[in-house]
Protein chains: 2
Amino acid sequence: MLIEEKAKLFKALSDPNRLRILKMLQARKLCVCEITEILELATSTVSEHLRILEAVGFIIGEKDGKWVNYMLNPHCCDATVISILSMLPFWVSNDTVTSSDVEKINSVDRNKLCCK
Amino acid sequence: MLIEEKAKLFKALSDPNRLRILKMLQARKLCVCEITEILELATSTVSEHLRILEAVGFIIGEKDGKWVNYMLNPHCCDATVISILSMLPFWVSNDTVTSSDVEKINSVDRNKLCCK
DNA sequence: TGTCCATTTCGTTTTACACCGAAATATAAT
DNA sequence: ATTATATTTCGGTGTAAAACGAAATGGACA
């Protein structure tokens, strides 16, 4: 992998909202509207963050009816990406913001959020 | 450490030239003009990259006569920074660019570079 | 088929960053 | 002391990124 691509891996991690997304996906798979509700950003903004994380192989999106479930990439084959993902729980561990995020995951419900 | 600060750690790693600098400093301590020679950037640009890497604790600069020796931070106490530094040789390992950089380190000589 | 709705894409704005050259700073050497 | 030089700081420029709302896309379901 070229050095420019390595840099892109870290650029994907260089935004607080994207780190929050990865932390949340450690808890469970989430759809775009659930992530949007927790981050309090525009849906289009969240979609863009997810696109960036998916482009470098950290996460994948899987169609599930009218939703798209995003999750940490379970069949990632790049050694650098794998090692970074495995280190994330240690690096990003329970500050005020991410702890609150993970708590909210238990209460968000895509059926209540979306079908208004 | 706040999530914004964690993001800044990765932002410091998100530039190819800064990754090249860290890789070079794994070989040995270098002054600004030596790094400038290898990266082929303006001195002021290199100085800025070094400032960013130093601000998050990856490297330190040490006065040595008229030069400043930059090196990987030997007395770093943050666990995240330490673990990232220890992973770097694995993540950034000998692509075309960084291999060439490390070779050049053997031939650059601050006394020939600077005293013109 | 046609409607609903979650998500993506597009266009735009604002902010941040990489880069440079020139000026300022600080240290060495004459 | 004065000059030379290694580095930092400053000002400016072009490019990239983060944010939004609006429009487009594409399943699901009536």
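Chain A is the first sequence line, chain B the second, and so forth, proteins listed ahead of strands; every chain is numbered from 1.
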N/O (side chain, A:Lys66) to phosphate O (OP1/OP2, C:dC4) under 4.0 Å: no
Rounded distance (Å) that lies between atom P of D:dA6 and atom CZ of B:Arg51: 23 Å
Side chains of B:Arg110 and B:Asn69, donor plus acceptor under 3.5 Å: yes
Helix axis bend for the helix from C:dT1-D:dA30 to C:dT30-D:dA1 - C1'-based end axes, five pairs, 10° rounding: 30°
Candidate list A:Val56, A:Leu9, A:Leu85, test side chain to side chain contact (heavy atoms under 4.5 Å, CB included), partner A:Thr80, passing option: A:Leu9
First encountered from the 5' end of DNA chain D, between A:Lys63 and A:Asn17: A:Asn17
Any B:Thr45 side-chain N or O less than 4.0 Å from OP1/OP2 of C:dC20: yes
Spacing of A:Glu48 atom CD relative to C:dG11 atom C1', expressed in whole Å: 13 Å
Separation of C:dC17 P from A:Phe10 CZ (nearest whole Å): 18 Å
Candidate nucleotides C:dC20, D:dA18, C:dT7, ranked by approach to the side chain of A:Cys33 - the nearest: C:dT7
Presence of salt bridge, A:Glu4 and A:Lys11, under 4.0 angstrom: no
Touch class at under 4.0 angstrom, heavy-atom based, for B:Leu50 against every strand present: nothing
Closest to side chain of A:Ser44, choosing from D:dG21, C:dT7, C:dA18: D:dG21
Nearest heavy-atom neighbours spanning A:Thr36 and A:Ala42: CG2-C, 4.3 Å
Touch class at under 4.0 angstrom, heavy-atom based, for A:Ile35 against every strand present: nothing
Distance-minimising heavy-atom pair for A:Met24 and A:Asp101: CG-CB, 4.0 Å
Short side-chain N/O contact to D:dA18 OP1/OP2 from A:Arg18, under 4.0 Å: yes
Presence of B:His49 side-chain N/O under 4.0 Å of C:dC17 phosphate oxygens OP1/OP2: no
Taking every non-hydrogen atom, the tightest pair across A:Cys76 and A:Ile82: O-CD1, 3.2 Å
d(CD, A:Glu40; C1', D:dA19) in whole Å: 15 Å
Side-chain N,O (A:Ser47) to OP1/OP2 (C:dT8) below 4.0 Å: yes
B:Asp15, nearest nucleotide to its side chain (from D:dT7, C:dA18, C:dT8): C:dA18
Length of the line joining B:Asp64:CG and C:dA26:C1', which is rounded to integer Å: 14 Å
Closest nucleotide among D:dT7, C:dT7, D:dA19 to the B:Val68 side chain: D:dT7
Basic-acidic side-chain contact under 4.0 Å: A:Glu5, A:Lys8: no
Among D:dA17, C:dT8, D:dT7, the one nearest A:Val32 by side-chain distance: C:dT8
Nucleotide C:dT7, atom C1' - distance to CG of A:Asn69 in whole Å: 13 Å
Atom-pair distance (CD on B:Glu62; C1' on D:dT8), nearest Å: 18 Å
Flag for A:Thr98-A:Asp95: side-chain donor and acceptor within less than 3.5 Å: yes
5' precedence on DNA chain D between B:Tyr70 and A:Gly65 (nearest-nucleotide basis): B:Tyr70
A:Leu19 CG to D:dA18 C1', straight-line distance once rounded to whole Å: 15 Å
